Every structure is written in structure tokens, then in C-alpha cells.
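Structure record follows, encoded as C-alpha cells.
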Amino acid sequence: MTKPHLTIVIPSYKEAANIPSLLEKIHSALGDYPYDVLVIDDNSPDGTAEVARGLAEKYPVSVVVRKDKRGLASAVVDGFKLAGGDIVAVMDADLQHPPEVLPRLVRAIEGGADLAVASRYVPGGSVGNWSATRRVISRGAVLMSHVLLPSTRGIKDPMSGYFMLRKDVISEVALSPVGYKILLEVICLGCPRTTVEVPFIFENRRAGVTKLSMITQTDYLRHLLSLMRRTGELNRIVKFVAVGGSGTLVNLGLLAILKEWAGLYYLVAGAIAFEVSVVWNFLLNDRFTFGDRKRPEGTFLGRLLRFNVTSLGGFIIYIGILALLTQVFGLFYIISAAIGIVVGFGWNFMVNSAWTWR
Ligand code: GDD
Ligand code: MN
């Protein structure tokens, strides 16, 4: 059986000093596996493109030069469009992504994975000698993606710039190079059915300097928001808030009815009204907000129970914040309550999204 062809997309900007060694290492790592390298260069002034072209006799490499510097992510998107292989890989030109890992990524794809991620956060992988600050920022970014973009949850390193995929995973989707975390786009919009992570150690840069600045970090937040919009996750939050608002009306209305007409003691009426509104919220959320997220092995009663436990937690958080901010920090009680409601809502959404309708 012939092996599926692999195209390795390499975005480059001012990497002339790294290209020869990179191509040589890729070649010896892949042996006789059928592959080609596609360098997408943004008109580097240091002659990156010329160096790569000069090696085309020795290695299967082609170079695309774009006139303007349009950035890493857009280079990768262009590379995807031009890639001829059935399998496509993305890696950096600066040897921070060790080519020795390529055969393991290929094996993962051959073993049936749609997407193989070279990962710093699975056992055996590491970020190398990053500073504590950079480690914390990176971990925080991963945590945020797990909370806000459910399809990234099973993946420990959704920010990796080193990965391989079957091309049909992305052939139907419009990738937008908003941020530079192109793997996030692939995971959220391409919907790979199976993803495998292969450990790797993020090496030190061989030559040159990084092109990604701190401005790129705020780009990340914009990218998250844009992906939440495009995957419908933002819409989900809007629905959840709308359902919660309707539940509050049910709660208050029923409280009045039970107290005034049925003559119940107001705390008893309040407890009953609270529980009825929880069930109300649950039914609407189960049908509309999370209607697409029911696992076949989950049961209606199981979800109802989880939703109840979560709501109780949200209620305790609300009361706790109300008391703490008012008593200890001396805030006006309405302000404390408003903060408590927002935090309680956030808790409810996140826990229900990650647990009740996971
Ligand atoms: N074509 C093109 N245009 N390529 C670019 C540009 C650009 O404007 N900017 C950077 N590149 C290329 C670089 O030449 C390198 O091959 C690769 O993109 C990564 O750029 P670096 O500047 O080395 O980025 P980094 O090492 O800080 O970031 C890497 O690690 C991150 C994980 O922490 C990248 O792999 C990121 O994608 C990854 O998220
Ligand atoms: Mn780098």
C-alpha cells in the first residue's frame, strides 16, 4: 500500500540561518517517507527564501514568498490552501519544534487519528527552560480555552504550533487568521474526531529572535472571543442568561403566590419557589441552551441532579459574596448582591457546561 503523502507547512520570517539545518533534520527524520516541505515566507530581508530555494536540489522543498508581512497564522492558512499532501503538518522554522518528533506524529495519523498534536503538556513533554512568568501565562491561556471552548477540553496543549492532520479535517472550513494560535481554529472549527498528543520538548531557538511580542497576548483574547462567536459558544452564554432571567421571574412570581394566596410562611414559600425555578431553568437549558450536548450515556435525572447541585453551589456563592462584601468590605448591600449574582451566574454556567452537559 502506498503511504499518504505528507506536506510540511513552515511559516518563516528571517530564518535564513535555521533553514539548512531544519531541512537536513526533517530529511533524516522522515527517511523514505513521501513528503515535501512548503515554506511560506513573508519576504524576509535576510534571504530566507533564497537559502531555501538553493536547497531544492537536495530536498523536496518549495518556497512561496508573499510581498507583505501578513503574519504567522495567515502564512499557515495560505500553506493549507497550497499543500498537496493528504496529510499536512505545521512546524516552526527555528528548530524549537524538533523534527525528530515527525515520525511519531505520522504514526499517530496512520493509527487513525485525524489530528496529532506535538504537546508540551503530556508526560514526556516540556516547555524547556521557560521563565516562571511565561509558564504561568501559557497555562492560564490553556485553562481559558478549556473553560470557554469546550472542544479543546480533551487536549492538553491546544496552543501548540506543531501539529499534523488529515487534510480533509480542514478542507470544508473557513479558517480565519485572527490570532496566531491556528491549532485552536483547527480544533474548534475542523472538529477532528480523534486527536492524539505526542510529547515533545520545546527547544531553545537556534538562531535569530522571536517575532511574537506581548501584543500577541492580547490578540489571544480577541481570538478566543472570535472563536466563541463562530462556534456558537457566545450564543450559548446569551441563552443561559436569558433562561436565568426567566427563572428569576418564575421564582419571584411563585413566591408571591405561595405567600399571599396559599398563606405559606415566606421562607418556606421562598424555598419552594427557588426549587421550582431551578427545575424551570433546567428544562429550558436542557432543551435549548445545551440541547446539542447530551451524551448518550447520560440520563435526564442525572443531569437534573447535577444541575440542582450546581445551582445550590451558585446560591451559596451568592450568599457568601453578599455577606462578605457587605460585612467585611463595607459595600452597599445592593452592590454586593449584584457582584454575587454575576459570580454565581459565572459559576453556574461553567460548572454546568463542564459537568452537567459535558
Ligand atoms: N511567514 C511568516 N510571517 N512567518 C512568521 C511571521 C510572519 O509574520 N512571524 C513569525 N513567523 C514564523 C517564524 O519564522 C517561525 O518559523 C514561526 O513563525 C514561529 O515564530 P517565533 O517568532 O519563533 O514564535 P515563538 O517561538 O515565540 O512562538 C511559537 O511557540 C508558541 C507556543 O508558545 C509558535 O510556534 C507559536 O505558534 C506557538 O503558539
Ligand atoms: Mn520560535
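Not measured: the values here are computed from a predicted model.
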> Do Asp36 and Thr7 meet the criterion of a side-chain donor-acceptor pair at a distance under 3.5 Å?
Replying inline: yes
>> Strictly below 4.0 Å, N to O, side chains only: are Arg205 and Glu15 in salt-bridge contact?
In response: yes
> How about Phe282 and Trp357: are their ring centres within less than 6.0 Å of each other?
Replying inline: yes
> Looking only at atom types and distance, does a side-chain atom of Lys294 sit under 3.5 Å from a main-chain N or O of Asp286, one as donor and one as acceptor?
Replying inline: yes
> Does any donor atom in the side chain of Ser62 or Arg53 lie under 3.5 Å from an acceptor atom in the other side chain?
Replying inline: no
> How long is the gap from CG on Leu324 to CG on Leu331, to the nearest 0.5 Å?
Replying inline: 10.0 Å
> Thinking salt bridges, do Lys181 and Asp219 make one under a 4.0 Å N-O criterion?
Replying inline: no
> Of the non-hydrogen atoms in Ile87 and Pro4, which two are nearest, and what is the gap between them?
Replying inline: CD1-CG, 3.7 Å
> Is a salt bridge present between Glu233 and Arg236, judged by a nitrogen-to-oxygen distance below 4.0 Å?
Replying inline: yes
>> Could you report the tightest heavy-atom contact between Ala93 and Ile19, atom names first, then the distance?
In response: CB-CD1, 4.4 Å
>> Does Tyr333, at its OH atom, have more than 12 non-hydrogen atoms belonging to other residues, nucleotides or ligands within less than 6.0 Å?
In response: no
>> Just checking Tyr35 against His5, ring centres under 6.0 Å apart?
In response: no
> Which atoms form the tightest heavy-atom contact between Ser145 and Tyr220, and what is the distance?
Replying inline: CB-OH, 3.5 Å
>> If you compare all heavy atoms of Thr195 against all heavy atoms of Val117, which two are closest, and at what distance to 0.1 Å?
In response: CG2-CG2, 4.0 Å
> Mind checking whether His97 and Phe202 have ring centres under 6.0 Å apart?
Replying inline: yes
>> Check for me, please, whether Val342 and Met228 land in the same ILVMFWY cluster - side-chain distances under 4.5 Å, paths through other members count.
In response: no
> Counting only heavy atoms not in Lys58, do more than 12 fall under 6.0 Å of its NZ?
Replying inline: no
> After noting the C-alpha distance and the side-chain angles of Ile40 and Val76, does the key distance pass the side chain to side chain contact (heavy atoms under 4.5 Å, CB included) rule?
Replying inline: CA-CA 8 Å; Ile40 312 284; Val76 174; over 6 Å; no
> Are Ile317 and Val328 connected in the hydrophobic side-chain network, where two residues link if heavy atoms are under 4.5 Å apart?
Replying inline: yes
> Of all heavy-atom pairs between Gly314 and Asn348, which one has the smallest distance, and what is that distance?
Replying inline: CA-OD1, 3.7 Å
>> Looking at every heavy atom in both Ala113 and Val196, which two are closest together, and how far apart are they?
In response: CB-CG2, 3.6 Å
>> Less than 6.0 angstrom from the centroid, inside 45 degrees of the normal: does Lys69 satisfy that with respect to the ring of Tyr13?
In response: yes
>> Quick check on side chain to side chain contact (heavy atoms under 4.5 Å, CB included): which of Ser138, Ser126, Pro158, Pro199 does Tyr121 satisfy it with?
In response: Ser138
> So does Asp42 pair up with Arg70, basic N to acidic O under 4.0 Å?
Replying inline: no
> Does NZ belonging to Lys239 count more than 12 external heavy atoms closer than 6.0 Å?
Replying inline: yes
> Do you reckon Leu234 sits in the same ILVMFWY cluster as Val243, going by side-chain contacts under 4.5 Å, direct or chained?
Replying inline: no
>> Hydrophobic clustering (ILVMFWY, side-chain heavy atoms < 4.5 Å, transitive) - are Leu284 and Leu252 grouped together?
In response: no
